Structure formats: C-alpha cells, structure tokens
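What follows is a single structure, written as structure tokens, with notes after it.
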Amino acid sequence: MQVLRFITCGSVDDGKSTLIGRLLFESKAIFDDQWSNLQIDSRQYGTQGENIDLALLVDGLQAEREQGITIDVAYRFFATTKRRFIVADTPGHEQYTRNMATGASTADLAVILVDACKGVQTQTRRHSRIVAMMGIEQVVLAVNKMDLVGYNKEVFDAIAKDYQALADELGLQVQQVALSGLQGDNVLARSPHMPWYQGPTLLEYLEAIPLGADNINLPLRLPVQWVNRPNPDFRGFCGRLAAGQVRPGAAVRVLPSGVQTCIKQVLSGFAEVDCASAGESVTLTLADEVDVSRGDVLVAAELPPEVADQFEARLLWLDEQPLLAGRQYLLKLATREISATITTIKHRVDVNTGTQLATKALEMNAMATVTFSTSAPLVFEPYQQNRVLGSFILVDKLSLQTVGAGMINFALRRASNIHWQALTMNKAGRAAQKHQQPRCIWFTGLSGSGKSTIANMLDKRLYAEGRHTYILDGDNVRHGLNRDLGFTEADRVENIRRIAEVAKLMVDAGLIVLVSFISPFRTERQLARSLFVEGEFIEVFVDTPLAECEQRDVKGLYAKARRGELKNFTGIDSTYEVPKNPEVHLYTQHSNVEQCAEAVLQALYDE
Ligand SMILES: Nc1ncnc2c1ncn2[C@@H]1O[C@H](COP(=O)(O)OS(=O)(=O)O)[C@@H](OP(=O)(O)O)[C@H]1O
Ligand SMILES: Nc1ncnc2c1ncn2[C@@H]1O[C@H](COP(=O)(O)OP(=O)(O)O)[C@@H](O)[C@H]1O
C-alpha cells in the first residue's frame, strides 16, 4: 500500500490541531490509552465543554514548544483501507520556518489551512512559498471553520479566488475544500450543511491523489548508500531508488567516475527480483568488477544526470549564525558528503511577498538564491526534475549542526568549461629544488597582538638558514589583492578565503609561507587548514589579551574604535574566536619577540 506524506501548514488558531486530531480519530489511529487520556484531558483542559477536544491529541507538542523545547517536526501516522499516511505537523510561526521546510522536504503534498473567518493571511502566503520552494506542487487549501461563517458559499468562493492568484504565481495545483475540523464537515463524511460544495472531502482527496508515478518513468538513479561485501564473492550496491526502474541486464554508468557496466542481479531484501521501482530499497550487483563506493550514483547509461562543481541553488538558512558568502560547509546530497563553499548570495527572497532583496549575509529562516562550488564533482539533477538528487543540506563542519537546506536550480556553465590542467612540475619537485618542506605558518590574533613582528622575526631567521619563504600580511594584502574588502563579517570571510587560496598556491610552489592575518573566525581558519595536507598547516595563536593590545595600540586604532570613529574593530565591536587547538600557542606577555619566533621555529622543525 502506498504512503502519502503530507504536511499541514497553518497555526493552531486556524484549527490545524483539531483537523489532524479528527483525521487520527476518524481513521481509528488513536490507541486505547491515548483515547482514555484524551477523555480525561478534554474534561480538564478541553475547550469543547463535555465534548472530546480532538486538538489535545496534537497539542501536546504545543506545551513543549511553549517550554522552548526545539521541535523539529512532529510526525503522525494513520491509515485507511486505501492508503497509509504520514502527516508532518509543524508550527506555523515564522520562527519555525526551518521546521516547516524540514517537514515539507519529504512531503508529497501540503494541506494549507485558512480560517474562514480571517481569509488568506500573510502567513498563508509564507507557508505557500515555503512549500513551493521545497518542491511541493500539490496543495489542498483547507478553508476551515466553515461552521463559524454559517457554511456560506460566498465566503468560501472569495477565499478560494484570493488564494488561486497566489497559487498561480507559485505554480501550485490547488484542491480547495470547504470544511470544519471541529464539526467534521467534509473531513471524512460529506457535509449536510454545504450542499453547494461538490468537491471531494479532505480524506477522499488524500486517498485518491496519484503518488510519485512520474518518478518511475524517469531514467534510473540509485544513490549508493553502502557496499555490501559479506564475502569475497559478493559485492552488492545498496540504496533507495531515487528514480526509474531497474532490471537485470540494464546498461548503467557509475558516476562521477563514468565507468560503464550492466546490472547482474536486482535484489529486494534477500530475494532476486525481475524489476524494482523508484522508492524501493534494493541491492544491485554488477556484471563487472568496477570501483563503486558510498556517494556514487548508478544511473541509466544512456541518460546520465549532470556532474558539476559549481551551481545556482535556492537556500533556506536554518542557523542562528548568519550565512556569509565564502564560508565552507559540508554538503550532503543523497548519499554524497562533500565540502562546499557558498560563493555568492545573489538575493534574498521575502517569504511573505516574494520580493528579491540584495544582501551580504543570510539570517535564520531567510530564503535566498545563492551560488556554490563543491570541492569535487557532484552528481545532481535540478530539484524540479528529481528531489532526491536536487536537494541538499549544509552542515557546519565545526558544530556538525544542519545550518541550511537547499534545492539546486542548475549547474553554472563555467563549471563545465574549467578543467584542471595537468602540469609536469609538482610541489614535491619544487620543494626538493629548495631543499625544504613547504609549510603554511598561520599567525592569528588580535590587532596589535604581535603577529607581524613575530612573523617578520621568524622570516629573518628562516632566510638566514637559506629557507625560501614569503610573508602574507593582512595590512599589506589589503592594499592590493584584497583592497576591495572591508571589515564586515562577510568581507573578513572573503579576505581569509582568498588568502588561504594564495597561501596554498605558494606552498604548492614549495615555499614556507607565513600568513599574518587577524583571521578571527574558526570556520575560515578551518577552511584554510583544509586546503593543505596533514602537517603542512601550522596554526600559531598570538595570544595577547585585549587590554595589552589596547595598551600597545601602535596604530592608534583602538583609541579610534573606542571613540566610535572606527566600526567593526576586532575585540571591540567585532568578534575574535580564540583558537581551540593551535599547533603553537604564544603568550606574548611572557615571551619576547625572539622567544616567540624561536618557539615557532621549533614547531616547524618538530613537524
Ligand atoms: N575594523 C578593523 N578591525 C580589525 N583590524 C582593522 C580594522 N580596520 C583596520 N584594521 C587594520 O587591518 C588589519 C587587520 O586586517 P586582517 O586582514 O588581518 O583582518 S581579518 O583577518 O580580515 O579580520 C589590522 O592590522 P594588524 O594590527 O596588523 O592586525 C589593523 O591594523
Ligand atoms: N612578544 C612580544 N612581546 C612584547 N611586545 C611585542 C611582542 N610581539 C609584538 N610586540 C609589540 O606589539 C606591537 C604590535 O605588534 P604587531 O606585530 O604590529 O601586531 P599585529 O601584527 O598583530 O597587529 C608592536 O609594538 C610590537 O613590537
């Protein structure tokens, strides 16, 4: 029996809980103990006098919300003789946009509630934009509380017309249902009070709407979840079919490698089958011994999806910390996990009006169109074509929190026209020529902490030993390469991203590079570190307390910042994130410049 996954959008005031409660009640999805509790709770907390208050079935979560407990999504399960259902109940308030987006991301359909007494509200528009952005195309407009407007047809028609204009703008197919969750009108049974309503009841519609049939007719896509090797004679590639059907003998391609072969066996569980279809979990064996690992995608050989490393996407930001262009995250798409950098935030979308707005940072619950690049080629399909291969989440590499959810629009043309040029000389050759191990020595610390002075002293020591070095200093680089950048968070992110790439090129040239930038954010220092092989990157924390830096204030910048003449000054009104595990920790109040330089030199040679 197929499963219909749907999300309910609206607020408790719109009667969402009562409607879900009634669906659970009428489909007998309530267990005995829940029923007896509901009777007790209805007497104690109910709003329906002697009658059962069905809302209490669902509102338990409301109490948790009021206690500030983070609610992702509350999933409810029920079934009728025709179909099984999973309903995602998410809070309607703007601060829970990310919860609704999470619920919508796996839903086939959205039930959007409108209170007949209020009509289409701003939040109705927001909910509709969110579900449209998450790729949902089917919407039920549940015009609820019709009992409170005397089951008036004109009221219903006016709301239906008003909403249809929005649905047309968003490309949503809408089934409008006039109902009352409280009285049950048109939820399961047809309403005796609205003979003028000829459409389906809510449950009739939910039971009958066709499900994901088009996915079966698409070309084969199997994101490989894991490789099953119980013994040397069997290698099975396991996953959930994202599209198409698969049969033994079918010609397939392994992406991103591009190797071609054929399907040998199709297993569902332990049983061999002649065919498996989209949505089913399968194990496939191949006719040839080819290299396939988790994250690869087995696809129809003649109709492969694209592979690229630069994209445009719609992104919903989910984290309290704003998104800043230039930051690197872990991107999870289907079964692939890969580093990705948001290269630009093209514009933010006002979820209430759809207006496109310029922005350099993205706050929590905001939606935007962005471009991003991946550290290696990514198998994908535009979200409108395939939700599994077109949707992704972004995970913060340090906190491991999910910070964004996105849908790919398309690959950027430049992605397919830039090829990594194989060159003869390499880093090892250039390092051997210089008789040294190339290194990136990354000095981080407050302004005036001593980065430049110590780096300069170290540079002189290395030069005297015949080393080939170069210093990249924040102040200096900002007069040239990064003269277009200021000191906003976004600019500092881009400043460090660029200089990390420059340092990588210099290390690749066999040099020992000394980087002396405040580099205040852990994420960007981690990004820099990630560009080098293990042991090549030495983080030096020049630890000088703010008071000492302010005491020194060799450039008078602290005084200016204190007078309010210099904004976004690190340590005053801009954050500095102390390194957690630097390779070298310099306490400049207890070691002079020479001692600091010597400490770094020792670390360099101890590496
Ligand atoms: N608002 C603000 N905040 C911090 N620093 C400022 C600012 N405005 C100018 N300066 C001068 O710029 C130098 C820091 O540049 P960086 O590129 O190292 O900063 S960052 O890494 O982008 O945060 C820094 O040089 P150092 O003192 O050598 O660190 C300052 O002299
Ligand atoms: N280890 C140290 N002990 C005492 N003073 C130091 C030390 N390192 C640097 N200084 C002094 O601190 C001041 C700021 O140093 P600077 O290298 O310009 O800092 P930054 O590059 O971090 O802004 C300079 O006057 C420098 O001589």
Side-chain angles (χ1 to χ4, degrees), residues 324-327 360-361 440-461 471-503 513-529 539-579 582 584-603:
L324 299 169
R327 282 222 149 136
K360 289 198 85 168
C440 175
I441 304 174
W442 191 285
F443 293 83
T444 174
L446 293 172
S447 175
S449 55
K451 303 183 297 297
S452 307
T453 307
I454 297 165
N456 195 44
M457 175 66 74
L458 177 62
D459 193 30
K460 287 193 291 189
R461 290 285 303 273
I471 289 188
L472 294 168
D473 187 286
D475 266 324
N476 300 348
V477 172
R478 281 173 173 275
H479 284 91
L481 175 65
N482 292 357
R483 65 168 173 272
D484 58 321
L485 299 175
F487 290 89
T488 61
E489 284 199 5
D491 280 356
R492 292 180 199 251
V493 166
E494 176 58 11
N495 185 38
I496 299 308
R497 185 195 69 78
R498 282 188 207 171
I499 218 61
E501 292 287 357
V502 171
V513 187
L514 286 67
V515 176
S516 170
F517 279 65
I518 293 177
S519 48
F521 308 131
R522 287 191 193 104
T523 304
E524 274 56 58
R525 297 195 298 259
Q526 177 60 34
L527 162 69
R529 183 182 290 272
E539 185 178 29
V540 180
F541 175 28
V542 184
D543 187 354
T544 307
L546 178 62
E548 170 65 18
C549 292
E550 199 155 357
Q551 179 74 30
R552 295 174 183 175
D553 201 10
V554 286
K555 301 169 193 166
L557 296 178
Y558 281 97
K560 280 181 81 174
R562 287 293 182 199
R563 293 195 300 269
E565 297 164 15
L566 183 55
K567 296 294 179 213
N568 290 328
F569 196 74
T570 306
I572 305 295
D573 57 344
S574 181
T575 311
Y576 179 81
E577 296 172 350
V578 171
V584 183
H585 190 143
L586 300 177
Y587 299 91
T588 69
Q589 285 183 298
H590 309 304
S591 312
N592 64 31
V593 176
E594 290 73 16
Q595 288 162 331
C596 290
E598 181 60 31
V600 181
L601 203 57
Q602 281 316 307

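Since we're looking at a predicted model, the values are computed, not measured. Counting starts at 1 for both ligands and their atoms, following the listed order.
Under the 30°/60° scheme for interplanar angles, the aromatic rings of Tyr587 and His585 are found to lie parallel.
Annotation: ligand 1 has protein neighbours Ser447, Gly448, Lys451, Ser452, Gly474, Asp475, Arg478, Phe487, Arg492, Asn495, Ile496, Phe517, Ile518, Ser519, Pro520, Lys555, Leu557, Lys567, Asn568, Phe569, Thr570, each with a heavy atom less than 4.0 angstrom from the ligand. At a 4.0 Å heavy-atom cut-off, the residues surrounding ligand 2 are Leu446, Ser447, Gly448, Ser449, Gly450, Lys451, Ser452, Thr453, Arg552, Val554, Thr588, Ser591, Asn592, Val593, Cys596, listed by chain and number.
In the displayed structure, Arg563 atom CZ is contacted under 6.0 Å by more than 12 heavy atoms of other residues, nucleotides or ligands. Remark: Gln551 CD is loosely packed, at most 12 non-hydrogen atoms of other residues, nucleotides or ligands lying under 6.0 Å away.
Distance check, rounded to the nearest 0.5 Å: OG of Ser574 to CZ of Arg492 gives 3.5 Å.
A salt bridge is defined here as a Lys NZ or Arg NE, NH1 or NH2 lying under 4.0 Å from an Asp or Glu carboxylate O, and Lys360 with Glu489 fails to meet this definition. Salt bridge status for Glu524 with Arg327: present, with a side-chain N to carboxylate O gap under 4.0 Å. Under the 4.0 Å criterion applied to side-chain N and carboxylate O atoms, Lys451 and Asp475 are not assigned as salt-bridge partners.
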For Ser447 and Thr570: C-alpha separation, side-chain torsions, deciding distance, then whether side-chain hydrogen bond (donor to acceptor under 3.5 Å, both in side chains) applies. CA-CA 7 Å; Ser447 175; Thr570 306; over 6 Å; no
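For Phe569 and Phe487, the ring centers sit 6.0 Å or farther from each other.
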